[in-house]
**Q** 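Structure provided below as structure tokens; questions to follow.
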Amino acid sequence: MRLLLSVWTRLQRPPAPTGARLGSGARGGPLAAGDEALIRGSSPELLRDLGSQVEVKTAFITEEEEAALLGELEPGLRKKRYEFNHWDDAIHGYRETERERWGGACEEVLSRVRSVAFPEGCSLLGPVHVLDLDKTGYIKPHIDSVKFCGSTIAGLSLLSDSIMRLVREDAKNHWLDLLLPRRSLYILRDQARFSFTHEILKDEESVFNGERVPRQRRISVICRNLPD
Ligand code: OGA
Ligand code: MN
């Protein structure tokens with residue numbers, strides 16, 4: 001995956017998460033159809049402006065569907081070792097694979113992901129990317145390569161809750177934290193994908209709205225479209 005990423009390692013931490021909670025419609029503006037309480041940010045304006053470009057959909061897949069995905073993925077993943085040693089990698093403590101052909105139950109889940117995340121007729125990156133993060137693994141701030149992927153990134157989270165942080169590349173005091181519950185789907189589009197770095201916090205830093213969100217081993221199943 002190193003090819004797909006253009007890494008931008010942040011030296012400073014984002015400010016302490018004191019941002020407004022995205023509440024009822026009052027300050028929300030054009031909210032996306034996702035779960036609002038799962039997104040926090042540095043200001044109500046940012047939440048409003050990015051509202052339609054960031055979505056988290058809780059319980060997007062059932063326990064049975066999660067088990068079907070894991071059943072297909074685990075045998076291949078188990079043969080690989082977690083990578084910890086590349087200090088310059090965007091991802092620490094991971095193993096990964098790509099998959100083009102899926103069994104029936106999984107294919108149905110993926111076509112549901114595609115139909116909610118991508119406009120009809122847009123060209124998708126053929127293979128689905130599967131990233132298995134060890135319990136101690138994490139993803140550093142980066143922006144996915146604009147050469148290889150288009151405007152939209154959609155990911156299912158298996159096995160663990162986690163926190164995804166978006167930080168505006170040219171104004172680091174502008175940030176959003178997304179709580180990604182196990183079995184949820186997140187979607188990043190346009191500015192959220194191009195102008196903000198995204199990262200998955202390590203277990204020790206995994207706190208959302210003042211609450212610890214223990215990070216276990218986490219597998220993500222990520223669909224992307226092709227650049228125009
Ligand atoms: C990536 C990435 C996020 C995730 O692989 O580029 O940002 O949900 N993954 O695993
Ligand atoms: Mn990424």
Side-chain angles (χ1 to χ4, degrees), residues 1-10 34 38-39 53-58 60-61 66 69-70 73 77 80 82-84 86 88-99 109-110 113 116-117 124-169 175-203 205-206 208 213 215-227:
M1 201 56 197
R2 257 172 286 169
L3 252 189
L4 265 183
L5 305 175
S6 95
V7 187
W8 175 77
T9 307
R10 205 182 60 243
L38 303 179
I39 306 178
Q53 299 171 31
V54 178
E55 289 184 57
V56 181
K57 295 174 178 295
T58 329
F60 189 79
I61 60 172
E66 180 186 43
L69 289 164
L70 292 170
L73 295 172
L77 288 170
K80 303 182 181 222
Y82 287 108
E83 311 256 355
F84 287 96
H86 306 288
D88 59 340
D89 261 6
I91 311 179
H92 180 86
Y94 73 101
R95 50 193 183 184
E96 66 185 337
T97 186
E98 291 184 331
R99 201 173 181 87
V109 169
L110 289 166
V113 171
V116 305
L124 301 183
L125 208 64
V128 173
H129 177 207
V130 176
L131 184 65
D132 178 351
L133 277 186
D134 178 68
K135 178 174 168 51
T136 62
Y138 56 94
I139 305 180
K140 298 176 198 168
H142 68 277
I143 293 176
D144 286 23
S145 163
V146 296
K147 248 202 327 231
F148 298 104
C149 350
S151 61
T152 305
I153 303 168
L156 291 168
S157 299
L158 315 182
L159 293 177
S160 178
D161 301 340
S162 58
I163 296 170
M164 177 177 274
R165 176 165 293 159
L166 306 188
V167 178
R168 202 180 157 97
E169 201 183 11
W175 56 269
L176 293 184
D177 275 357
L178 280 47
L179 175 59
L180 305 179
R182 179 178 182 177
R183 292 188 291 276
S184 65
L185 174 74
Y186 69 83
I187 306 168
L188 306 180
R189 295 189 177 92
D190 305 324
Q191 258 210 78
R193 175 259 183 277
F194 291 116
S195 308
F196 287 70
T197 59
H198 56 272
E199 63 193 290
I200 294 284
L201 301 187
K202 56 175 83 161
D203 182 43
E205 296 172 356
S206 197
F208 185 82
V213 178
R215 249 288 320 286
Q216 317 293 339
R217 175 187 173 208
R218 168 184 185 269
I219 295 179
S220 51
V221 176
I222 305 164
C223 298
R224 297 178 171 93
N225 57 356
L226 291 168

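The model shown is predicted, which means the values in this text are computed figures rather than measured ones. Values below: all heavy atoms of this structure, side chains included; hydrogens, waters and symmetry mates excluded. Read the numbers this way: they start at 1 and go in the same order the structure lists the ligands and their atoms.
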**Q** Could you work out, with side chain to side chain contact (heavy atoms under 4.5 Å, CB included) as the rule, every residue matching Ser184, not counting sequence neighbours?
**A** Val56, Ser157, Leu180, Pro181
**Q** With a cut-off of 4.0 Å, which atoms of ligand 1 are near a heavy atom of Ser220?
**A** 4 (C), 8 (O), 10 (O)
**Q** With sequence neighbours left out, what residues match Arg189 under side chain to side chain contact (heavy atoms under 4.5 Å, CB included)?
**A** Gln53, Glu55, Thr152, Ile187
**Q** In plain terms, say whether Asp132 and Arg95 are close enough for a salt bridge, that is, a side-chain N and a carboxylate O under 4.0 Å apart.
**A** yes
**Q** May I ask you to list the atoms of ligand 1 that are less than 4.0 angstrom from any heavy atom of Asp144?
**A** 6 (O)
**Q** Between Gln216 and Arg182, do the side chains contain a donor N or O and an acceptor N or O under 3.5 Å apart?
**A** no
**Q** Rounded to the nearest 10°, what angle sits at the Mn ion (ligand 2) between NE2 of His142 and NE2 of His198?
**A** 90°
**Q** Looking at ligand 1, would Arg218 count as a contact under a 4.0 Å heavy-atom criterion?
**A** yes
**Q** Among the N/O/S atoms of Asp144, select the one at the shortest distance from the Mn ion (ligand 2) and name it.
**A** OD1
**Q** Where on Leu180 is there a heavy atom closer than 4.0 Å to ligand 1, on the side chain, on the backbone, on both, or on neither?
**A** neither
**Q** What part of Arg224 sits under 4.0 Å from ligand 1 if we count only heavy atoms: the side chain, the backbone, both or neither?
**A** side chain
**Q** Flag the pair Glu66 and Arg183 as a salt bridge only when some basic side-chain nitrogen lies within less than 4.0 angstrom of an acidic carboxylate oxygen.
**A** yes
**Q** In terms of atom number and element, which parts of ligand 1 are under 4.0 angstrom from non-hydrogen atoms of Tyr186?
**A** 3 (C), 4 (C), 8 (O)
**Q** For the pair Gln191 and Phe194, evaluate side-chain contact (heavy atoms from CB on, under 4.5 Å) and give the outcome as yes or no after the intermediate values.
**A** CA-CA 5 Å; Gln191 258 210 78; Phe194 291 116; over 6 Å; no
**Q** So, 4.0 Å and heavy atoms of His129: is ligand 1 close enough to count as a contact?
**A** yes
**Q** Can you tell if the side chain of Glu169 reaches within under 4.5 Å of the side chain of Ser195, non-hydrogen atoms only?
**A** no
**Q** Heavy atoms only, cut-off 4.0 Å: how does Ile222 contact ligand 1, side chain, backbone, both, or neither?
**A** side chain
